[in-house]
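Scroll down for the structure; my scribbles are underneath it.
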Number of protein chains: 2
Amino acid sequence: MLFKQFDLNYDRPAVTKTETGMSKHGQRVLITLRKMIANGELPPGERVAEIPIAERLGVSRTPVRIAFRTLEQEGLLRKGDRRGYTVRAITPTEIADAIEVRGVLEGLAARLASERGISLPARSHLIECLSTGDALFSKGFLTDEDMEIYHDFNMRFHNTIIEASRNIAIEDALSRNDHLPFASVSSIAFNRDDMTGEFRRFNFSHMQHHIIFDAIDNGQGARAEALMREHANAALRYTQILGPTQDMPDNFTVIEREDTA
Amino acid sequence: MLFKQFDLNYDRPAVTKTETGMSKHGQRVLITLRKMIANGELPPGERVAEIPIAERLGVSRTPVRIAFRTLEQEGLLRKGDRRGYTVRAITPTEIADAIEVRGVLEGLAARLASERGISLPARSHLIECLSTGDALFSKGFLTDEDMEIYHDFNMRFHNTIIEASRNIAIEDALSRNDHLPFASVSSIAFNRDDMTGEFRRFNFSHMQHHIIFDAIDNGQGARAEALMREHANAALRYTQILGPTQDMPDNFTVIEREDTA
DNA sequence: TCTTGCCAAATTGGATCCAATTTGATTACG
DNA sequence: CGTAATCAAATTGGATCCAATTTGGCAAGA
């Protein structure tokens with residue numbers, strides 16, 4: 001199975017901020033299909049037709065049709081020449097590509113935030129994220145619960161900077177990548193069997209947050225951009241974890257979040 | 001009227017490479033709605049409902065519904081809290097934002113193309129684009145027809161580099177911005193009353209192409225990236241042309257192309 | 001045996017019908 | 001006179017029906 005354990009926290013409360021205009025029903029179809037694609041229930045290259053999927057999910061063809069269009073926009077489905085959709089093969093290379101794109105986009109956000117200056121509330125928010133991290137890491141080790149907390153303020157740290165850039169196009173562009181599994185900040189994986197190593201890894205990531213904030217807070221745009229770009233590579237580890245077979249080893253835990261539809 | 005003359009070449013043969021899974025009918029609805037939004041026939045902030053639009057276009061609600069979802073994904077419509085969509089206001093600032101995003105994305109593409117090296121066919125294609133331009137500009141002036149040719153090879157030049165990056169995520173991310181009017185390389189505007197000035201402007205742009213190619217061809221990734229980023233600013237002129245009122249003056253001609261749906 | 005043509009089955013897109021939810025307005029009551 | 005409640009109209013999402021297009025197979029002829 002591809003991306004084992006990937007669907008852990010997939011159908012949680014869900015922020016449903018920008019739901020694509022459908023009731024719970026259609027929303028559920030969309031989420032279910034995303035999940036089925038991500039965990040390989042629908043294998044890459046597989047041809048998907050409306051009727052079988054509709055029957056399988058117990059709904060009519062209409063919501064499935066809508067979902068197919070959305071999934072095509074998100075890049076999870078590819079349209080055939082004449083008829084039908086096929087599941088797009090998501091290779092580790094593609095994930096790495098998406099992470100590289102995220103790097104330059106978030107780098108741009110960091111630079112703009114530096115140049116334009118961040119608002120006081122945003123600044124406090126960033127400092128709060130950093131303090132939370134400091135408290136976490138000062139213990140010298142990390143628990144599973146800590147990972148949840150880290151994941152949460154990590155996401156907020158990044159989102160705050162993106163908002164602080166005051167460039168809505170960045171957010172739009174990023175929302176695209178976020179649909180590719182493991183390409184967004186909203187998913188992290190860690191090895192439960194090597195929590196010492198993971199501590200060092202995430203601590204490093206956290207220190208990067210510190211210097212990124214420092215750069216932004218001092219209006220050092222180019223520095224902030226370079227640092228943020230480098231920081232994106234922290235996620236590149238996924239492409240190492242997932243080998244050529246794209247199998248997520250059992251001793252890895254994935255934290256995933258549905259955000260910004 | 002907003003974006004006057006914007007719809008000039010909108011419904012031409014159309015490449016329809018990645019049509020969103022609908023027949024000519026539904027495709028036409030989507031294109032028509034894009035046009036209506038772009039030229040202000042549907043004013044920014046206007047609430048759009050399915051039934052009135054469907055009647056206005058002489059189709060049933062189904063294709064309109066599909067189109068609304070697509071347009072939301074493209075960022076041209078915004079979904080209300082509870083019900084309905086509203087036309088997203090596209091300000092010159094937003095266009096400038098999108099152009100900035102395009103700059104970093106194409107910059108990344110140029111760097112990757114430099115680092116990974118470009119294929120021989122791609123290289124020939126770029127050289128061909130440059131030669132075509134040289135021939136055009138060597139005359140010392142530009143006709144309207146020349147502008148069409150320039151627009152064509154300009155688009156191909158950029159697309160070739162994006163393909164040469166061999167990073168599909170860049171193309172995906174860019175396809176988003178391309179829907180915002182004037183944010184993509186597929187649209188250019190020029191002032192028919194000042195063809196001398198426009199000659200100098202586009203000649204400059206063409207010379208930038210030359211040095212960008214030089215950087216890529218010599219594997220100078222950082223240089224290629226910086227140059228391509230700067231080059232994107234050539235399009236920023238639109239945000240100057242369109243003042244706060246977003247009115248396109250009469251003496252300006254717009255060349256637009258439907259591509260990559 | 002290979003190719004070509006035709007017909008049936010499958011699939012997709014559009015239209016219409018129905019149900020559920022929301023908006024808003026009018027009326028009744030405090 | 002203001003507020004709240006109820007009811008009607010509007011709007012949206014889902015299901016089903018119908019038409020158009022494509023695919024695939026089978027048969028007939030070269």
Side-chain angles (χ1 to χ4, degrees), chain A residues 11 14 16-34 36-37 42-43 45-74 76-88 258 261, chain B residues 11 14 16-34 36-37 42-43 45-74 76-88 258 261:
Chain A
D11 30 30
T16 54
K17 195 177 59 182
T18 318
E19 47 192 331
T20 316
M22 30 192 118
S23 187
K24 295 166 195 165
H25 215 164
Q27 188 80 336
R28 195 180 55 78
V29 171
L30 184 59
I31 292 178
T32 305
L33 284 177
R34 281 211 202 100
M36 288 169 70
I37 293 171
L42 295 175
E46 172 109 333
R47 170 119 188 278
V48 289
E50 292 175 5
I51 297 180
I53 297 291
E55 287 176 355
R56 196 159 161 187
L57 300 183
V59 295
S60 98
R61 279 176 47 217
T62 312
V64 176
R65 255 160 75 184
I66 305 270
F68 278 9
R69 299 313 189 303
T70 304
L71 290 170
E72 191 208 354
Q73 292 276 331
E74 291 177 2
L76 293 176
L77 288 184
R78 276 224 179 289
K79 209 175 89 60
D81 274 346
R82 279 299 173 203
R83 193 206 309 244
Y85 289 91
T86 55
V87 177
R88 175 166 158 193
E258 270 296 307
Chain B
D11 29 30
T16 54
K17 195 175 58 183
T18 319
E19 46 191 332
T20 316
M22 31 193 118
S23 187
K24 296 166 196 165
H25 214 164
Q27 188 78 339
R28 194 180 55 78
V29 171
L30 185 59
I31 293 178
T32 306
L33 284 176
R34 280 213 202 98
M36 287 168 70
I37 293 172
L42 294 175
E46 172 109 334
R47 170 118 188 279
V48 288
E50 292 175 4
I51 297 180
I53 297 292
E55 286 176 355
R56 196 161 161 186
L57 300 183
V59 295
S60 99
R61 279 176 47 216
T62 312
V64 176
R65 255 161 76 184
I66 305 270
F68 277 10
R69 299 314 187 311
T70 304
L71 290 170
E72 191 209 354
Q73 291 277 330
E74 291 177 2
L76 293 176
L77 288 184
R78 275 223 180 289
K79 209 175 89 60
D81 273 346
R82 279 298 172 206
R83 195 206 305 245
Y85 289 91
T86 54
V87 178
R88 173 167 161 192
E258 269 298 307

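Atom CZ of R61(A) and atom P of dT12(C) are 7 Å apart (whole Å). Note: NZ (K79(B)) to P (dT22(C)) measures 11 Å, nearest angstrom. Atom C1' of nucleotide dT11(D) and atom CD of E55(B) are separated by 13 Å, given to the nearest angstrom. Distance, I66(A) CD1 to dG14(C) P: 11 Å, rounded to whole Å. Rounded to whole Å, atom C1' of dG14(C) lies 16 Å from atom CG of L30(B). Going from atom OH of Y85(B) over to atom P of dT11(D) covers 15 Å, rounded to whole Å. For the pair E50(A) CD and dG14(D) P, the interatomic distance rounds to 14 Å; values are reported in whole Å. Between the CD1 atom of I51(B) and the P atom of dT12(D) there is a distance of 7 Å, rounded to whole Å.
Put simply, S60(A) has a side-chain N or O that comes within less than 4.0 Å of OP1 or OP2 on dA15(D).
In this model, a side-chain donor or acceptor of R83(A) finds a partner on the base of dT11(C) within 3.5 Å. At a cut-off of 3.5 angstrom, the base of dG14(C) holds no donor-acceptor pair with the side chain of R65(B).
The two residues A49(A) and I53(A) have their closest heavy-atom pair at O-CG1, 3.2 Å. Across every non-hydrogen atom of V87(A) and P43(A), the tightest pair is CB-O, 3.4 Å.
Between R61(B) and E50(B) a salt bridge is recorded (basic side-chain N to carboxylate O distance below 4.0 Å).
Looking at which nucleotide of DNA chain D each of F68(B) and G58(A) is closest to, the 5′-most match is held by F68(B).
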Take E74(B) and L71(B), measure what side chain to side chain contact (heavy atoms under 4.5 Å, CB included) needs, and give me the verdict at the end.
CA-CA 5 Å; E74(B) 291 177 2; L71(B) 290 170; 3.7 Å; yes
